[in-house]
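A short write-up of the structure that comes next.
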Protein chains: 2
Amino acid sequence: MSAYIESPSPTHNHDACRTKAIQIADRICAERGVQLTTIRRQVLELIWNSHKATKAYDLLDQMKLVQHSAKPATVYRALDFLLDQGLIHRVESLNAFIGCTCSEQKHEQLLLICLQCHEVEERPGKRVMQAVSKELSQAEFTPHHKAIEIQGICKYCTQSEPNAM
Amino acid sequence: MSAYIESPSPTHNHDACRTKAIQIADRICAERGVQLTTIRRQVLELIWNSHKATKAYDLLDQMKLVQHSAKPATVYRALDFLLDQGLIHRVESLNAFIGCTCSEQKHEQLLLICLQCHEVEERPGKRVMQAVSKELSQAEFTPHHKAIEIQGICKYCTQSEPNAM
DNA sequence: AACTGATATGTTATATTATAACAAATTAGT
DNA sequence: ACTAATTTGTTATAATATAACATATCAGTT
Ligand SMILES: [Zn+2]
Ligand SMILES: [Zn+2]
Ligand SMILES: [Zn+2]
Ligand SMILES: [Zn+2]
């Protein structure tokens, strides 16, 4: 376990990554006495197919393949559940969703969104959050929810890009 | 001129506020040799009717009152122009738009969005931005665009709320 | 096992947000 | 006046999201 979360490298073992995420979700839901139903689980698995943010209607298209009756509400209700349980995050600037690895505790995060490979890295960004808290108390503002999203080019794309284009 | 931007108080002279914003926009566009056409100006004025974030289709409804031919594209094109010129900001978490007072220079900002009165305060948040920059260089991430949006309760609503609800 | 209330899903319809594509009009510079 | 570039008009449609109500399933109790 490193000091801070690594961005998912292009060569990491993502099968293990996804499997672990689902296992954690199973455990969390059991502990909380909430139901990770088949539909909710399927949506979570689809989201975890990559570290790219997934759009609701892309999820719907994929759901339809295994669940002919799937409708927008099917997906959006599953997403609401997963959001409530902190198992996924909504990427506001993309209208899309990513899986969360640190669902155990309530937390805040920075999202680094790569414009090249479209992967999204979630980072706790403790220092940033401290600075935000300071700013908010100066402003006498009581926070309920924070969305901190940075779009740009990730380290792997920076390394491999010079020749591209 | 205070050290940091004041959140727009419920009692501030907003007519002056809006007038000044439009004047600045006029000047900026003139300097840059871009056209603040009637439509674009109208959209900007409508956005500046308050410090609440305004939705594109609310703008459209209002535009239709004075410009019968207004269509979605009418509004979205004006919004694109105003965004390009930095005269407005998009609030990602609301799919809505607010006027910007510091359009002269390219800048980054925190948006404090009040869930009670729906006003949006823009703050430079220098310390926050410094912390973000540090975090990004740690992550070896090259930023192109930053969206930092905090939803919560503003100071005026905190003061007046205790009796409400 | 049947009953019951709560939770989850099915289904239809519609609301909201945003863009594409092409034609016509206007503007700025010559 | 001519021309190229920019802006606007117009139609159509794509993409994102929610409302409302019926039905089904689940968990706990009798
Ligand atoms: Zn992975
Ligand atoms: Zn997370
Ligand atoms: Zn004002
Ligand atoms: Zn601004």
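Labels below follow one simple rule: chain letters A, B, ... track the order of the sequence lines, proteins then strands, and each chain is numbered from 1.
For B:Ser93 and B:Gln151, the side-chain atoms include at least one donor-acceptor pair closer than 3.5 Å. In this structure, a donor-acceptor pair under 3.5 Å is absent between the side chains of A:Arg123 and A:Gln109.
What separates CD1 of B:Ile39 from P of C:dT27 is a distance of 11 Å, to the nearest Å. Nucleotide C:dA8 holds its C1' atom 15 Å from the CG atom of A:Leu79, rounded to whole Å. Taking atom CD of A:Gln67 as the reference point, atom P of C:dT11 lies 10 Å away to the nearest angstrom. The distance from atom NZ of A:Lys64 to atom P of C:dG10 is 13 Å, rounded to the nearest whole Å. Distance, A:Gln42 CD to C:dA8 C1': 14 Å, rounded to whole Å. Atoms CG (B:Leu36) and C1' (D:dT6) sit 15 Å apart, rounded to a whole Å. Rounded to whole Å, the distance from CG on A:Leu60 to C1' on C:dT9 is 14 Å. In this entry the distance linking NZ of A:Lys71 with C1' of C:dT12 reads 9 Å, nearest Å.
Counting heavy atoms from C-beta outward, A:Leu111 and A:Glu121 have side chains that stay 4.5 Å or more apart.
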Between the protein and nucleotides 14-21 of chain D, list the N/O to N/O atom pairs that are separated by less than 3.5 angstrom.
| from | atom 1 | to | atom 2 | distance (Å) |
| --- | --- | --- | --- | --- |
| D:dT16 | OP1 | A:Lys55 | NZ | 2.7 |
| D:dA17 | OP1 | A:Arg90 | NH1 | 3.1 |
| D:dA17 | OP1 | A:Arg90 | NH2 | 2.7 |
| D:dA17 | OP2 | A:Tyr76 | OH | 3.0 |
| D:dA17 | O5' | A:Tyr76 | OH | 3.4 |
| D:dA17 | N7 | A:Tyr57 | OH | 2.6 |
| D:dA17 | N6 | A:Tyr57 | OH | 3.3 |

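The side chain of B:Gln35 contributes no N or O atom lying less than 4.0 Å from OP1 or OP2 of D:dA5.
Judged by closest nucleotide on DNA chain C, A:Phe81 is the one of A:Phe81 and A:Ser69 placed further toward the 5' end.
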Test side chain to side chain donor-acceptor pair (under 3.5 Å) applied to A:His145 and A:Glu92, step by step: CA-CA 12 Å; A:His145 179 73; A:Glu92 299 290 354; 4.7 Å; no

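Here A:Glu104 pairs with A:Arg27 in a salt bridge; the nearest charged N to carboxylate O distance falls below 4.0 Å.
Checked against a 6.0 Å centroid threshold, the rings of B:His51 and B:His14 count as neighbours.
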